[in-house]
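Here's the structure we're looking at; comments come further down.
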Amino acid sequence: AALPWAPLATQPADVRALPAYERDALIISATLLDGQWIILSRYSDDIWQHDGFTNNVQVCRRRLDFRSVPTAFQTVLKAIIYRYLRRGRSGLGRPKGSTLLIFFTNAKPFLQHLEALGLDHLGAVTPLICTTYVASCKAHRKTIRSKAQPLTQYGLRHRFNAVEALHELSHYTNDPMPLHPWPETSAKGMAGLTGSNSQHKQGSKTRLIPDDEFCILFE
């Protein structure tokens, strides 16, 4: 079915040069319903709806709610995610639904950390500030089954990956993060997943079924 508006492919790769009225009218997502295209989200919306999820994902988990982001960073995060949707990251393809949700979820703690430090723009972020964020994440405890537990190494990596993505993609906005968050290493290194702790050197954590029990199950 023909689109009643300019195809999504003709929309700009980022919003830096756009006047507000053109930027806010950009189509973020649309769906084909009974042969007719329906716009789900425009740039100006506080909540962006997305596809690319499996059917068992709840509708509420297919949305990016920018109202949950510190007010000072809502504008730049929209610009960052728009660029991410249009072009992806360097060397990587455009994000699928779950990848986008992981980035959005893990970017928020960093922006909240900046807000707690009294910062209101990414241009003020330095590697030292990012180091304090790393320490904060490693000290963080979340309650699981009534027990306070630290973030796993993979949970830390997700958070630190989001900071690296913010740095890269912010250079396509009017508020770029000037320096790499940890110039001498990477998100994987900051999470302790390099060297002897790298993924390919970590064996299975689940013990094998004892032979006698396995034989019974197999039979």
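What you see below is based on every heavy atom in this structure, not just the backbone, and it leaves out hydrogens, waters and symmetry mates.
Hydrophobic cluster membership differs between I102 and L85, with clusters built from Ile, Leu, Val, Met, Phe, Trp and Tyr side chains linked at under 4.5 angstrom.
For the residue pair H158 and T105, no side-chain donor N or O sits within less than 3.5 Å of a side-chain acceptor on the partner.
Listed by chain and residue number, L119, H121 satisfy the side chain to side chain contact (heavy atoms under 4.5 Å, CB included) test with A124 (two or more places apart in sequence, or in another chain). For T131, there are no side chain to side chain contact (heavy atoms under 4.5 Å, CB included) partners two or more places apart in sequence or in a different chain. Residues meeting the side chain to side chain contact (heavy atoms under 4.5 Å, CB included) test with E164, sequence neighbours left out: R89, N161, H180, P181, W182, S186, A187. For R94, the side chain to side chain contact (heavy atoms under 4.5 Å, CB included) partners at least two apart in sequence or on another chain are R86.
In plain terms, the two heavy atoms of K78 and D45 that are nearest each other are NZ-O, 2.9 Å. Of all heavy-atom pairs between L100 and P95, the closest is N-CB, 4.2 Å.
More than 12 heavy atoms of other residues, nucleotides or ligands lie within 6.0 Å of CG in D212, so this atom counts as buried by the packing criterion.
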Handout entry: Verdict with reasoning, L114 to L122, per side chain to side chain contact (heavy atoms under 4.5 Å, CB included)
Key = CA-CA 9 Å; L114 299 183; L122 295 180; 3.9 Å; yes
Handout entry: Check against side chain to side chain contact (heavy atoms under 4.5 Å, CB included), F103 and I80
Key = CA-CA 11 Å; F103 166 63; I80 284 171; 4.0 Å; yes
Practice task
Please step through side chain to side chain contact (heavy atoms under 4.5 Å, CB included) for the pair L77 and L166, ending with a clear verdict.
Solution key: CA-CA 8 Å; L77 187 59; L166 287 172; 4.0 Å; yes
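Under the 3.5 Å distance criterion, the side-chain polar atoms of Q153 are matched with a main-chain donor or acceptor of G192. Using a distance-only test at 3.5 Å, with no hydrogens or angles considered, a donor-acceptor pair links the side chain of Y82 to the main chain of P12.
Aromatic pair F104/F66: centroids less than 6.0 angstrom apart.
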Tell me which donor-acceptor pairs under 3.5 Å the side chains of residues 134-144 have, and how far apart each pair is, sequence neighbours excluded?
from: K138; atom 1: NZ; to: M190; atom 2: O; distance (Å): 3.2
from: R141; atom 1: NH1; to: K138; atom 2: O; distance (Å): 3.1
from: R141; atom 1: NH1; to: A139; atom 2: O; distance (Å): 3.3

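The side-chain hydrogen bond (donor to acceptor under 3.5 Å, both in side chains) analysis of residues 12-24, with sequence neighbours excluded, yields the pairs D14-R16.
For the pair L169 and R87, the minimum side-chain heavy-atom distance is 4.5 Å or more.
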